[in-house]
> 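Quick one: structure below, then a few questions.
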2 protein chains.
Amino acid sequence: MPAALPGIKACVFDAYGTLFDYASAAARCRDVLGDRLDALNALWREKQLQYTWLRALQGRHADFWQVTGDALDFALETLGLGDAGLRARLMDLYLTLDAFSEVPEMLRRLKAVGVQTAILSNGTPDMLDAAVRNAGIGDLLDAVLSVEAVGVYKPHPKVYHLAVDRFGIPASAIAFQSSNAWDAYAASAFGMRVVWCNRYGQRPERLPGKPDYEISSLAELPTLIGV
Amino acid sequence: MPAALPGIKACVFDAYGTLFDYASAAARCRDVLGDRLDALNALWREKQLQYTWLRALQGRHADFWQVTGDALDFALETLGLGDAGLRARLMDLYLTLDAFSEVPEMLRRLKAVGVQTAILSNGTPDMLDAAVRNAGIGDLLDAVLSVEAVGVYKPHPKVYHLAVDRFGIPASAIAFQSSNAWDAYAASAFGMRVVWCNRYGQRPERLPGKPDYEISSLAELPTLIGV
């Protein structure tokens, strides 16, 4: 069977929510969070993204460690969980998020046939190094690209361009995978081939671009690439 | 009593949520929306803002009429309300949103002492003209400034600069009012004096800037300005 996405030379992955389960930090604090676990995860994530967009648009970048902490402070305060010990614990856990279970084998299959692989993320180099090391997938990645190289967050086109520059191939030879619909649409508008790994049951966006495929787990990716 | 905010030459207002009640469109469709009214208002507004930020950051501007319709489509689909008649009705109603009740008298008090007044909004000139006309406040405004003049949305600094350019005064002589915390913080970071009209009980943001005052109704504004 021919590949659904032929001619792909590199697979580039969003990190948080796509390779790594951002909800796993709070899940390990279930003892303290109890029935506020889901609310904390939702609000923390929502504010984290909002703050990246708002700072980028104002030209007032702060790195993802600070923004993640700022968003956590907002969420904890809103939910009446103002405990410095809990904050420190959640931030620590954000450095060792679980990788989704299919990730190592999926990367191994891509590497086995010579497809290049990379992370392209809002995270800082330190945050991404920690997550990659914790997941034991460093040997399966050709590059870990952080927005810190350009000082602005997704979906600014400069960010997607980092992958084009790193591999020296056209955007159309790159398959970009994200669980975030807005990120998937933006990468498509930029010119990449896009596989939207819709883990969270999001609905299609009304934004420029259109993901080429929608899957629910990255285990489905190698087949699409023709591996 | 001295003014809390001395030296203000112009009062500049956000439109949607600040002068005009964006929830009033859906409220007039309560017959159809029933108990999904609040959910529609929340999701429509959330997506509308998200789409402005995401498009601005990508450099893919579309005007606020399109973005408002795109966000409405997303919200209606998500809530299982896919009715073309309802969509058309809600978009029409968005052109004649209620002004908050204190707005005309508040503007009159400012104008009476020579303070200049303006709207500074994401809305298109046509949308803003319709809202101003419907509210009967055209004579109380010296300017209606739309982001269409710069082709990018708030909180890009270019937008706040429109007010500085229009009045030819320093940002510090302008009091900017918004009900949107993120907008209030951004205008403060830009250098304006800012009164956050926190109608919706939002919590303080962890973003650059800091509103000078927080009020719950614009009726409190003239006293702050020393009127």
Side-chain angles (χ1 to χ4, degrees), chain A residues 42-44 46-62 66-80 82 87 122 147 152-161 180-191 201-209, chain B residues 42-44 46-62 66-80 82 87 122 147 152-161 180-191 201-209:
Chain A
L43 188 54
W44 187 6
E46 177 192 327
K47 273 289 154 183
Q48 184 192 43
L49 292 177
Q50 266 188 23
Y51 285 174
T52 61
W53 299 332
L54 291 166
R55 282 184 169 274
L57 199 41
Q58 288 181 75
R60 292 181 178 271
H61 184 73
Q66 182 181 328
V67 162
T68 298
D70 288 345
L72 178 57
D73 287 334
F74 182 97
L76 290 173
E77 182 186 289
T78 300
L79 297 172
R87 182 202 199 269
N122 278 342
V147 298
V152 70
Y153 285 109
K154 294 178 182 177
H156 196 292
K158 276 186 190 172
V159 176
Y160 302 106
H161 216 283
N180 301 288
W182 59 272
D183 188 20
Y185 280 71
S188 167
F190 176 80
Q202 296 174 345
R203 305 202 62 98
E205 297 288 4
R206 264 72 176 185
L207 286 169
Chain B
L43 189 55
W44 188 6
E46 179 193 326
K47 273 290 154 184
Q48 183 192 44
L49 292 177
Q50 266 188 23
Y51 285 175
T52 61
W53 301 331
L54 291 167
R55 282 184 170 274
L57 199 41
Q58 288 180 77
R60 291 179 179 272
H61 185 73
Q66 182 182 328
V67 163
T68 298
D70 289 344
L72 178 57
D73 287 334
F74 182 97
L76 290 173
E77 183 187 287
T78 299
L79 297 172
R87 185 206 196 266
N122 279 341
V147 299
V152 70
Y153 285 109
K154 295 180 182 177
H156 196 292
K158 275 186 191 172
V159 176
Y160 302 105
H161 217 282
N180 300 288
W182 60 270
D183 188 20
Y185 279 73
S188 166
F190 177 79
Q202 295 174 346
R203 307 204 59 101
E205 297 288 4
R206 262 74 177 186
L207 286 169

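Since the model is a prediction, treat every value here as computed from it, not as a measurement.
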> So which of A:Val67, A:Leu49, A:Leu54, A:Val159 has the biggest tally of heavy-atom pairs under 4.5 Å with chain B?
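Option with the top pair count is A:Leu54.
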> Under a 4.5 Å heavy-atom cut-off, does chain B meet the side chain of A:Glu46, its backbone, both or neither?
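Neither part, no heavy atoms under 4.5 Å.
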> Is it the case that the side chain of A:Tyr153 and the backbone of A:Asn122 share a donor-acceptor pair, with hydrogens and angles ignored and the cut-off at 3.5 Å?
no
> Select one option (side chain, backbone, both, neither) describing which atoms of B:Lys158 are under 4.5 Å from chain A's heavy atoms.
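Interface part for B:Lys158: neither.
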> Picking from A:Glu77, A:His156, A:Lys154, which has the most non-hydrogen pairs under 4.5 angstrom with chain B?
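Most pairs with chain B among the choices: A:Glu77.
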> Would you say the side chain of A:Phe190 lies within less than 4.5 Å of the side chain of A:His161, judging by non-hydrogen atoms?
yes
> For B:Gln66, is it the side chain, the backbone, both, or neither that has a heavy atom closer than 4.5 Å to a heavy atom of chain A?
neither
> Taking all atoms of both residues into account, what is the closest heavy-atom pair of A:Val152 and B:Leu57, and its distance?
CG2-CD1, 4.4 Å
> Using heavy-atom distances under 4.5 Å, tell me whether A:Tyr160 contacts chain B through its side chain, its backbone, both, or neither.
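Looking at A:Tyr160, nothing touches chain B.
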> Below 4.5 Å from any heavy atom of chain B, which atoms of A:Ala189 appear? Answer side chain, backbone, both or neither.
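For A:Ala189, the contact with chain B is made by backbone and side chain together.
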> Kindly assign one of parallel, tilted or perpendicular to the pair B:Trp53 and B:Trp182, based on the angle between their ring planes and the thresholds 30° and 60°.
perpendicular
> Among residues at least two apart in sequence or on other chains, which ones pass side-chain contact (heavy atoms from CB on, under 4.5 Å) with B:Ala181?
B:Tyr185, B:Trp196, B:Gln202, B:Glu205
> Residue by residue, scan residues 68-75 of chain B and write down, ordered by number, those that have a heavy-atom distance under 4.5 Å to chain A; if none do, write 'none'.
B:Asp70, B:Asp73, B:Phe74
